[in-house]
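Below is one structure, written out as structure tokens; comments come after it.
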Protein chains: 2
Amino acid sequence: MSNYTEKLRKHNLKVTPQRLAICEALHVNGHLSIDDLYNVMLKKFSSLSLATIYKNVNLMVKSSFIKEIKIPNAKSIYELIKDSHAHLVCEKCGSVEDIDINIDFVISDVLKNQNFKVNNIDLVLSGICKKCQ
Amino acid sequence: MSNYTEKLRKHNLKVTPQRLAICEALHVNGHLSIDDLYNVMLKKFSSLSLATIYKNVNLMVKSSFIKEIKIPNAKSIYELIKDSHAHLVCEKCGSVEDIDINIDFVISDVLKNQNFKVNNIDLVLSGICKKCQ
DNA sequence: CTCTGTGCAAAGCGTTTGCAAACGA
DNA sequence: TCGTTTGCAAACGCTTTGCACAGAG
């Protein structure tokens, strides 16, 4: 149970029960779609509004507190910002797994001549996971 | 001017003027959003319907004839399927540039133990382009 | 106390669908 | 000719907005 109260404040976000719950849900589940997030939080806040999820998620993305991962042929998922990593998406069962893979050196190497300042790397690998093969 | 009539047939897609125009537009421009595509093609087909674009683009994606590239904080773009490459997206001007960068070896290396069969690699680098710096 | 966040309902907007006419093979 | 595609309009579904009330600081 990390101290998300502090973390929210550091990002200039007011602390509300709903926002803390978003943090907890993402902390526990790793990454969730908007709907997943809504359904998880509904257990705690019976009168929760989808609009609240959208407003907060958008705000938290803008504040670089969470990040949106766009997935081919599927809904986006959101996760707390952490070290750079790639996502393995199974085309069969839809599962998404994080993997630690560092391609920074490849990229910096290639971009040395390009003069492009990289702020963010999105790497999504689609295929068939171990279980589905 | 490649022979897209043949290529469409190979993918079991009937050849229509609209479909050929999509091919040409993507061939010439590299990658376009749905709206871009619509506006480009409108010059040729004054009574073109957006629905036609959507229907064809969806069909061509399913047939692995073109590919959707999802971009952070922006509309998706579509391109003819070609050799694996990454995309450089400028967060300032929105330009998208292809770069030849092969990370297959890194990935196969990491995935050797994971037992994940990779079918597709999406690599999008966001940042600031040469012109905008 | 003031300003921001929440929930609700309505509005907005990109995308999909159904249908009749046109077209490709 | 027969099945597919096109264009149009309506429907759909996800996301955003406006507003009154509740809650954070």
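Any value given below was found using the heavy atoms of this structure, including those in side chains, with hydrogens, waters and symmetry copies removed. Chain A is the first sequence line, chain B the second, and so forth, proteins listed ahead of strands; every chain is numbered from 1.
Atom CG of B/N12 is separated from atom C1' of D/dT4 by 14 Å (rounded to the nearest Å). Remark: P of C/dT16 and NZ of B/K55 are 11 Å apart, rounded to the nearest angstrom. Atom NZ in A/K44 sits about 13 Å away from atom P in C/dG7, given to the nearest Å. As rounded to whole Å, 10 Å separates atom P of C/dC8 from atom CG of A/L42. Rounded to an integer number of Å, the gap from A/L13 CG to C/dG5 P is 8 Å. As rounded to whole Å, 10 Å separates atom C1' of C/dG14 from atom NZ of B/K75. Protein atom CD1 of B/I34 is 15 Å distant from nucleotide atom C1' of C/dC13, rounded to whole Å. C/dT16 atom C1' lies 16 Å from atom OH of B/Y38, rounded to whole Å.
For the side-chain contact (heavy atoms from CB on, under 4.5 Å) with B/K67, the qualifying choice from B/D122, B/V61, B/I77 is B/D122, the only one to do so.
In this structure, the side chain of A/H87 does not engage the main chain of A/V96 through any donor-acceptor pair within 3.5 Å.
Under a cut-off of 6.0 angstrom, the local environment of CG in B/D100 is sparse, with at most 12 non-hydrogen atoms contributed by other residues, nucleotides or ligands.
Each of A/F45 and B/D35 was matched to the nucleotide of DNA chain C holding its nearest heavy atom; the match closer to the 5' end belongs to A/F45. Each of B/L48 and B/K14 was matched to the nucleotide of DNA chain D holding its nearest heavy atom; the match closer to the 5' end belongs to B/K14.
Rounded to the nearest 0.5 angstrom, A/F65 CZ and A/L26 CG are separated by 9.0 Å.
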Would you check, one step at a time, whether the test salt bridge (charged side-chain N to carboxylate O under 4.0 Å, His left out) holds for A/D98 with A/K82?
CA-CA 11 Å; A/D98 291 4; A/K82 47 193 168 185; 3.2 Å; yes
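Considering only the side chain of A/L59, C/dG5 comes nearest among D/dT5, D/dT6, C/dG5. Nearest to the side chain of A/A51, among C/dT17, C/dG24, D/dT17, sits D/dT17.
Within the structure, every side-chain polar atom (N or O) of A/N56 is placed at least 4.0 Å from both OP1 and OP2 of C/dG5. Between A/Q18 and C/dG7 there is a side-chain N or O to OP1 or OP2 distance below 4.0 Å. Between A/T16 and C/dT6, a side-chain N or O to OP1/OP2 separation shorter than 4.0 Å is present. The side chain of A/R9 contributes an N or O atom lying less than 4.0 Å from OP1 or OP2 of D/dG25.
Counting non-hydrogen atoms under 4.0 angstrom, A/T52 reaches a base of the nucleic acid.
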